[in-house]
Visitor: 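Handing you this structure, nothing more for now.
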Amino acid sequence: QVSLVEAGGGLVQAGDSLRLSCAASGRTFSMSAMGWFRQAPGKQREFVAAMTWSDGDTSYADSVKGRFTLSTPKYNKNAALYLTMNNLKPEDTARYYCAGQRGDSQSWDYWGQGTQVTVSS
């Protein structure tokens, strides 16, 4: 089993930056990818960004491309995933969730509890 814990959310103004972190523990070696999703009030959860461990390949939602960046620790890369968010907009307001994908699973198998990001205009 894998445990994911997010941190770094908060209340910021439009144009500010935030860095979210997701700490992974447990059988982290069993994961093939990690990513971030978000859910705004009254809306469905949506994909934000993800990274595959095998080649470090990243993907981003169109709405965050050029503003958000994924990164991992220099050592023990599977232990955490960071999301640096620049030029935040009010529409980025949501609860952000970290997710992990197991092996060759086609779904996201592990989820954190989320961290709230609120961007004021």
Side-chain angles (χ1 to χ4, degrees):
Q1 191 68 353
V2 171
S3 176
L4 303 174
V5 179
E6 304 95 334
L11 172 63
V12 297
Q13 293 186 329
D16 285 351
S17 298
L18 271 179
R19 188 192 193 210
L20 304 184
S21 64
C22 174
S25 61
R27 298 172 59 87
T28 59
F29 59 87
S30 67
M31 290 195 295
S32 57
M34 284 180 68
W36 288 93
F37 290 73
R38 67 186 182 186
Q39 187 169 20
K43 295 187 176 181
Q44 290 193 338
R45 188 174 297 186
E46 64 176 2
F47 170 79
V48 175
M51 178 183 289
T52 54
W53 291 147
S54 60
D55 55 10
D57 189 32
T58 56
S59 58
Y60 297 90
D62 288 343
S63 58
V64 307
K65 278 181 183 177
R67 299 189 298 122
F68 291 12
T69 305
L70 289 171
S71 61
T72 56
K74 185 175 181 180
Y75 302 104
N76 197 9
K77 291 182 179 298
N78 288 22
L81 183 68
Y82 307 114
L83 181 68
T84 300
M85 307 184 293
N86 296 320
N87 190 22
L88 282 161
K89 304 176 181 181
E91 50 264 43
D92 294 318
T93 295
R95 191 164 185 84
Y96 284 70
Y97 297 88
C98 178
Q101 198 168 68
R102 184 180 61 241
D104 60 357
S105 171
Q106 299 301 309
S107 62
W108 294 92
D109 306 291
Y110 308 111
W111 292 89
Q113 294 301 307
T115 184
Q116 179 67 35
V117 172
T118 303
V119 185
S120 64
S121 58

Visitor: Quick one: pull up CE in M34 and OH in Y110 and give me the separation to the nearest 0.5 Å.
Guide: 11.5 Å
Visitor: First locate atom CG of L81, then atom OG of S71, and finally report the distance between them rounded to the nearest 0.5 Å.
Guide: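 Spacing of CG (L81) from OG (S71) equals 7.0 Å.
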Visitor: Would you find a donor on one side and an acceptor on the other, under 3.5 Å apart, between the side chain of R102 and the backbone of D109?
Guide: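 Looks like no, no N/O pair under 3.5 Å.
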Visitor: Identify the two heavy atoms, one from G9 and one from L20, that lie closest to each other, and give their separation to 0.1 Å.
Guide: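 That would be N-CD2, 3.6 Å.
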Visitor: Using every non-hydrogen atom in the two residues, find where L4 and A24 come nearest and quote the distance to one decimal.
Guide: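 The pair with the smallest heavy-atom distance is CD2-CB, 3.7 Å.
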Visitor: For the residue pair R27 and S30, what are the closest heavy atoms and their distance?
Guide: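 In this case the closest contact between R27 and S30 is O-OG, 2.5 Å.
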Visitor: Grab the two heavy atoms, one from A80 and one from P73, that are nearest each other, plus how far apart they are.
Guide: O-CD, 3.3 Å
Visitor: Looking at S59 and M51, would you say the former's side chain and the latter's main chain have a donor-acceptor pair under 3.5 Å?
Guide: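 Judged by distance alone, no pair lies under 3.5 Å.
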Visitor: Does the side chain of T93 reach to within under 4.5 Å of the side chain of V117, using non-hydrogen atoms?
Guide: no
Visitor: Between V5 and S3, is there a side-chain heavy-atom distance shorter than 4.5 Å?
Guide: yes
Visitor: May I ask you to test the D92-M85 pair for a side-chain heavy-atom distance under 4.5 Å?
Guide: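 They are not in contact (no side-chain heavy atoms under 4.5 Å apart), so the answer is no.
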Visitor: On the ring face of Y82, is R19 found with NZ or CZ under 6.0 Å from the centre and within 45° of the axis?
Guide: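 Flagged: R19 positioned over aromatic ring of Y82.
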Visitor: Kindly write out the residues that satisfy side-chain hydrogen bond (donor to acceptor under 3.5 Å, both in side chains) with E91, not counting sequence neighbours, or none if the list is empty.
Guide: none
Visitor: Which atom names give the shortest non-hydrogen contact between F68 and L83, and what distance separates them?
Guide: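 That closest heavy-atom pairing would be CB-CD1, 4.0 Å.
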Visitor: Can you tell me how far the CH2 atom of W36 sits from the CG atom of L70, to the nearest 0.5 Å?
Guide: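 Nearest 0.5 Å value for the CH2-CG distance: 9.0 Å.
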Visitor: To the nearest 0.5 Å, what is the distance between OG1 (T118) and CG (L11)?
Guide: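 Output value for this atom pair is 6.0 Å.
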Visitor: Kindly assign one of parallel, tilted or perpendicular to the pair W111 and Y97, based on the angle between their ring planes and the thresholds 30° and 60°.
Guide: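 Taking Y97 first and then W111, their aromatic rings stand perpendicular (interplane angle over 60°).
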Visitor: Is the backbone N or O of A94 less than 3.5 Å from a side-chain atom of Q39, with the two atoms forming a donor-acceptor pair by type?
Guide: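 Here the side-chain-to-backbone pair does not exist.
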Visitor: Is it possible for you to say whether Y96 and V119 belong to one hydrophobic cluster, with membership spreading through side-chain heavy-atom contacts below 4.5 Å?
Guide: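 Linked, Y96 and V119 end up in one cluster.
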Visitor: Any donor and acceptor pair, going by atom type alone, linking the side chain of E6 with main-chain N or O of G114 inside 3.5 Å?
Guide: yes
